[in-house]
Protein chains: 2
Amino acid sequence: MPGRVKRPTIKDVAREAGVSMMTVSRVLTKKGRASQDTIDKVLRTIEELGYVPDLNAGALSSRNSGFIAVLVPSVDNSNFAQSVRGITDVLNDNGLQILLGSTDFSVEREETVLETILKRRPDGVILTGGNHTARSRRMLENAGIAVVETWDLPADPIDHVVGFSNVAVSHAMVDHLHERGYRRIGFIGSSSDSDTRGADRERGYSEALKKHGLEHHRVIRLGAPPVPVEQGGEAIVEMLRRWPETDAAMFVSDRTAFGALMECHRCSWPVPDRVAIAGFGNFDMARNCHPRITTTAIDCYEMGRFAAERIVDARARAAAGERVKPEITMIPYRILGRQTT
Amino acid sequence: MPGRVKRPTIKDVAREAGVSMMTVSRVLTKKGRASQDTIDKVLRTIEELGYVPDLNAGALSSRNSGFIAVLVPSVDNSNFAQSVRGITDVLNDNGLQILLGSTDFSVEREETVLETILKRRPDGVILTGGNHTARSRRMLENAGIAVVETWDLPADPIDHVVGFSNVAVSHAMVDHLHERGYRRIGFIGSSSDSDTRGADRERGYSEALKKHGLEHHRVIRLGAPPVPVEQGGEAIVEMLRRWPETDAAMFVSDRTAFGALMECHRCSWPVPDRVAIAGFGNFDMARNCHPRITTTAIDCYEMGRFAAERIVDARARAAAGERVKPEITMIPYRILGRQTT
DNA sequence: CTGTTAGCGCATTCAA
DNA sequence: TTGAATGCGCTAACAG
């Protein structure tokens with residue numbers, strides 16, 4: 001590690017270039033105009049000195065940190081990772097930087113992470129899900145910045161929403177299974193007070209069964225997310241043991257659906273003839289395995305982009321002194337009927 | 001979005017609590033001591049006012065941003081995501097925050113991302129891979145902060161290294177295949193100037209073949225990473241068409257190995273009897289599919305932890321005025337011989 | 001088009 | 001154990 005040296009500041013650049021600090025600042029931020037001559041001179045000096053602007057100092061002065069906080073349950077999940085990609089792409093185009101936090105699928109953890117991240121004075125916050133602690137909500141309200149809740153359709157939104165109904169998603173999947181002739185449908189989900197998205201999908205399953213006049217509910221709840229793939233295998237075995245008549249199993253996630261499908265291979269249970277399998281999320285493994293798993297696809301990348309655009313927009317309006325009204329953006333989903341149903 | 005209100009500062013807290021700003025600052029940073037009475041009074045006031053410290057301002061003053069920059073090729077990759085988890089866990093315990101950047105497997109993109117992120121004055125940088133542009137190296141050197149290169153064993157390290165040899169990894173896999181009796185081994189990799197890790201694995205394959213006296217190399221290079229899972233399937237078809245005698249195929253990643261295995265199912269080619277398959281990374285899909293894929297396992301989470309610990313340590317030593325010598329930490333790997341070989 | 005002044009919110013450094 | 005003065009690096013607001 002090289003010795004910690006004194007790094008050049010905007011003052012050094014100004015002195016060397018023979019202009020004032022403000023002129024350098026203007027050249028850098030492109031705000032206000034400067035003559036081409038001055039611009040060239042300043043840029044050359046910056047290059048010579050190897051000057052690197054300090055955005056934190058700039059933020060302190062301008063009262064815009066340029067950070068957008070993004071909280072996801074887990075980075076190690078292709079769906080959320082894609083949303084993060086979408087967010088990043090939009091933010092980069094707008095000179096903003098992402099401040100990523102991981103909540104481990106827990107609202108308590110979310111509160112802790114949020115508390116830490118708010119100390120960086122983000123200009124906006126993008127959350128996953130619509131379920132938060134009371135203190136989290138209070139902190140967000142006090143922060144006075146744009147908030148976007150994603151991946152859900154909260155009954156009482158904090159501010160903006162870019163999401164979809166997890167209840168409706170399950171509804172649609174039951175409809176799909178029903179249409180393909182399945183009548184003895186089971187659901188394999190997760191169990192956690194925090195995982196309201198999983199709970200919503202289970203609720204959608206139950207409601208849809210009733211709608212179709214199917215009264216016998218077969219539900220197995222695995223642990224808190226992220227549920228290991230292995231448990232999908234154990235779950236399908238358990239389900240067919242408890243309810244041998246089951247002709248279709250829908251899973252809260254492609255990951256466990258995949259685990260179940262592979263276990264069926266090992267047990268030589270033909271899929272979908274012995275039992276149909278459906279997942280959620282359109283993960284790589286579900287799309288490419290054999291047979292390919294029927295699933296629900298959400299455009300996670302686009303959802304991320306929309307969420308980021310909402311923040312960018314709100315930020316611009318707030319800067320212009322406009323009052324910003326909360327908006328709700330619905331993200332479409334589609335059932336991909338494939339070979340396992 | 002609530003109106004942007006004036007947020008309380010340390011000054012407000014000081015006034016309300018009837019103490020000086022410094023006393024509040026001391027209570028907050030736990031540096032220097034204060035009487036229990038004062039501490040209580042200050043904490044109560046902070047609570048009442050809903051004061052949130054501004055870490056950016058603190059950073060400007062103390063010349064320690066508390067940020068550690070972390071650059072990964074992609075967040076949407078379980079291996080890198082786990083490394084990020086490891087890093088985050090260690091940093092959190094040390095009051096540091098992660099500043100994540102995605103390089104899309106490109107050293108040019110890395111340079112751009114690095115340039116942006118250095119403007120936040122991180123106290124350290126964790127990179128993925130040992131291949132960087134000359135400008136990137138220069139920026140890092142000028143920054144005068146601790147740097148850790150991971151996931152590789154660079155010949156000419158910038159500073160610290162926490163990684164493993166991608167050449168050796170492939171060597172070990174060839175040894176494994178050879179031991180299981182395979183002699184007509186092919187390699188399916190990626191192709192990109194930037195992906196030196198992939199290139200190293202291919203080199204390891206070639207060297208190891210020679211070592212075993214196997215002169216016939218069968219190599220297929222797919223596109224730049226991230227290579228879609230699908231292409232693994234196309235690649236195995238192509239390999240068996242060009243070199244029908246191939247009895248084992250090793251892949252640069254579990255993702256493509258998985259795609260190949262599933263394609264073999266579709267073509268009714270028994271694995272490993274028609275062709276053996278081996279991957280890299282011990283991904284979920286490889287561990288749980290049927291048959292389970294032989295692979296190389298790296299403890300990515302631990303690699304992340306080690307890298308972060310190296311940074312934390314270097315930071316502490318630098319603060320104590322010590323001179324820090326670059327260290328190289330080797331991460332072990334193991335071949336998991338499973339059902340596809 | 002350019003410069004001056006006055007902070008942004010906090011911690012370092014000294015003194016009490 | 002506590003406080004006052006000072007400045008971190010930058011930009012908003014105004015003046016010229």
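Chain identifiers are assigned alphabetically (A, B, ...) following the order of the sequence lines, protein sequences preceding nucleic acid strands; residue numbering begins at 1 within each chain.
- Side-chain atoms of A:Thr38 and A:Ser35 form a donor-acceptor pair, as typed in the model, at a separation below 3.5 Å.
- From one end of the helix from C:dC1-D:dG16 to C:dA16-D:dT1 to the other, with five pairs defining each end axis, the axis direction shifts by 30° (rounded to 10°).
- Regarding contacts with the backbone of D:dT11, a side-chain N or O of A:Ser25 is found under 4.0 angstrom from either OP1 or OP2.
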Nucleotide N/O to protein N/O under 3.5 Å, stretch nucleotides 13-16 of chain C:
none

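- Minimum atom distance to the side chain of A:Asp54 is reached by D:dG9, of the listed C:dC10, D:dT11, D:dG9.
- B:Asp104 and A:Arg85 are not joined by a salt bridge, as no carboxylate oxygen comes within less than 4.0 angstrom of a charged side-chain nitrogen.
- Within the 4.0 Å cut-off from OP1 or OP2 of D:dT2, not a single side-chain nitrogen or oxygen of B:Thr23 is found.
- Closest to the side chain of B:Ser62, from the set D:dG3, C:dC1, C:dA11, is C:dA11.
- By the 6.0 Å and 45° rule, A:Arg120 stacks over the aromatic ring of B:Phe67.
- Distances shown here put every side-chain N or O of A:Ser61 at or beyond 4.0 Å from the OP1 or OP2 atom of C:dG7.
- Between B:Ser20 and D:dG3, a side-chain N or O to OP1/OP2 separation shorter than 4.0 Å is present.
- Applying the 4.0 Å criterion to OP1 and OP2 of C:dT2, one finds that A:Thr38 has a side-chain N or O inside that range.
- Of the candidates D:dC10, C:dG9, C:dC10, C:dC10 carries the atom nearest the B:Met21 side chain, counting heavy atoms from C-beta on.
- Mapping A:Ile10 and B:Gly18 onto DNA chain D by nearest heavy atom places B:Gly18 closer to the 5' end of the strand.
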